[in-house]
Amino acid sequence: PTMISKTLRTIIMGPPGSGKGTISSRIVKDFRLKHLSSGDLLRSQIHNKSKEGLQAKKYIDSGQLVPDNVMVQLILNELQKLKHDSWLLDGFPRTVPQAEALHTKEPADVVINLNVPFEIIMSRLTSRWTHAPSGRIYNTDFNPPKVQGIDDVTGEELIQREDDKPETVKKRLETYQAHTEPVLNYYRNLGILEEFTGKYSNEIWPKVHKFLSTKTEPLQYTVYKFC
Ligand code: G5P
Ligand code: MG
């Protein structure tokens, strides 16, 4: 008999620097899900100098949230293109009104929360290097590029995100506590929140893989050395 595979709609949440991008790239390697990162999308809009990008830049650079109406429109528009796909949404929703708008139009099946202690986040972000066009992430301690300052895949330059300066990171963490933590309760009440606690992505990853494998067939399981 042919297996009928239903689409799986997933959200990944967690404070800034908790490893959403890191875990997402592992998920899309091992499962048939399309990754949509609100931050990567905004940064590519800024790079292309689009109207939304120019509007968003001042909020991002100061560690504040882009207004809900802009974000909701942007993300729902992208999700329209993924109607028949399984997806993994990273960085959205970040406020209760965003969560409500998403729930009305494109409800998620599961929400993964990365519960990483605040103390260890600060140093991660200040040593992060990013390949802006693809969103590929490196860290001078955790996963350095083969050549310093250069993307492994394209050979292009890596940049430090404008909002990874210590003062801005502090502001982002405050914004998270004020606006995004309440979203966890929203999903807890819907009964679809799954929490993963740990200090390291390599500690969290096997648990995420195991959990997602109960929801959809994995393509493979990639093991990462613990460090
Ligand atoms: P973003 O882009 O969504 P944040 O702040 O939510 O930004 P961020 O910073 O991208 O999240 P992350 O994806 O959770 O963090 O973490 P990551 O990049 O994978 O890991 C962070 C660093 O730690 C990397 O260098 C990685 O290599 C390293 N690392 C990972 N695991 C480990 C480990 O185990 N050990 C060690 N030592 N290192 C590790 O949003 C940016 C802005 O866009 C706007 C807002 O202004 C926001 O501030 N925005 C929105 N505004 C309104 N509504 C929305 N929905 C919005 N979405 C975005
Ligand atoms: Mg990210």
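Since the structure is predicted, the reported quantities are computational estimates derived from the model, not experimental observations. Each ligand, and each atom within it, is numbered from 1 in the order the structure gives.
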Verdict with reasoning, Phe211 to Thr214, per side chain to side chain contact (heavy atoms under 4.5 Å, CB included): CA-CA 5 Å; Phe211 168 71; Thr214 68; 4.3 Å; yes
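- Neither the backbone nor the side chain of Tyr176 has a heavy atom within less than 4.0 Å of ligand 1.
- Here the side chains of Asp30 and Pro218 are not in contact, with every heavy-atom distance at 4.5 Å or above.
- Distances below 4.0 Å separate heavy atoms of Tyr200 from the following atoms of ligand 1: 34 (O).
- Screening Asn143, Asp164, Thr140, Asp141 for a side-chain hydrogen bond (donor to acceptor under 3.5 Å, both in side chains) with Arg128, the sole residue that qualifies is Asp164.
- Between Ile12 and Asn113 there is no side-chain heavy-atom pair separated by less than 4.5 Å.
- Near Tyr138, with a cut-off below 4.0 Å to any heavy atom, the atoms of ligand 1 are 25 (O), 27 (O).
- Between Lys81 and Glu78 there is a salt bridge, since at least one side-chain N of the basic residue sits less than 4.0 Å from a carboxylate O of the acidic one.
- Taking the six-membered ring for Trp, His209 and Phe31 have ring centres closer than 6.0 Å.
- Contacts between Leu114 and ligand 1, counted as non-hydrogen atom pairs separated by less than 4.0 Å, are absent for every part of the residue.
- With atom 51 (N) of ligand 1 as the reference point, the heavy atom nearest to it among Thr175, Ile23, Val66, Asp164 is part of Val66.
- Not close to ligand 1: Gly14, with no non-hydrogen atom less than 4.0 angstrom away.
- Counting heavy atoms closer than 4.0 Å to ligand 1, residue Met71 contributes side-chain atoms (C-beta onward) but none from N, CA, C or O.
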Test log, rule side chain to side chain contact (heavy atoms under 4.5 Å, CB included), inputs Arg94 and Leu65: CA-CA 8 Å; Arg94 253 184 162 86; Leu65 293 178; 3.3 Å; yes
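- Within the 4.5 Å cutoff, the side chain of Phe142 has heavy atoms near those of the Asn202 side chain.
- For the ligand labelled ligand 1, residue Leu42 lies inside the 4.0 Å heavy-atom shell.
- Using a 4.0 Å cut-off to heavy atoms of Thr22, the atoms of ligand 1 that qualify are 17 (P), 19 (O), 20 (O), 26 (C), 30 (C).
- Which parts of ligand 1 touch Ile137 is read off a 4.0 Å heavy-atom cut-off, strictly below it: atoms 18 (O), 19 (O), 24 (C), 25 (O).
- Some N or O of Lys20 is nearer than 3.5 Å to an N or O of ligand 1, by distance alone.
- Closest heavy-atom approach to atom 45 (C) of ligand 1 within the set Lys171, His179, Glu203, Gln64: this belongs to Gln64.
- Within the structure, the closest approach of Gly17 to ligand 1 falls below 4.0 Å when heavy atoms are considered.
- Atom CE of Met71 sits about 4.5 Å away from atom OG of Ser38, to the nearest 0.5 Å.
- Interface of Phe92 with ligand 1, defined as ligand atoms under 4.0 Å from a residue heavy atom, comprises 55 (N).
- For the pair Ile46 and Gly53, the tightest heavy-atom approach, listed with the atom from each and the gap, is CG1-O, 3.4 Å.
- Of the polar atoms of Leu125, none of the N or O atoms is found under 3.5 Å from an N or O of ligand 1, judged by distance alone.
- In the vicinity of Gln98, heavy-atom distances shorter than 4.0 Å reach the ligand 1 atoms 52 (C), 53 (N), 54 (C), 55 (N).
- Here is the list of ligand 1 atoms found below 4.0 Å of a heavy atom in Ser38: 56 (C), 57 (N), 58 (C).
- The OG1 atom of Thr10 sits 12.0 Å away from atom CG of Asp90, with the distance rounded to the nearest 0.5 Å.
- With distances taken over non-hydrogen atoms, the option nearest atom 34 (O) of ligand 1 out of Ser18, Gly198, Ser201, Ala56 is Ser201.
- Between Tyr59 and ligand 1, a contact under 3.5 Å exists for no N or O pair.
- An N or O contact shorter than 3.5 Å is missing between Asp163 and ligand 1 by distance.
- Lys57 and Asp61 are joined by a salt bridge, as a carboxylate oxygen and a charged side-chain nitrogen come within less than 4.0 angstrom of each other.
- Under a 4.0 Å criterion applied to the non-hydrogen atoms of Asn143, ligand 1 contributes the atoms 27 (O).
- At a threshold of 4.0 Å, the pair Arg32-Glu217 does not count as salt-bridged, since none of the basic side-chain nitrogens sits closer than that to a carboxylate oxygen.
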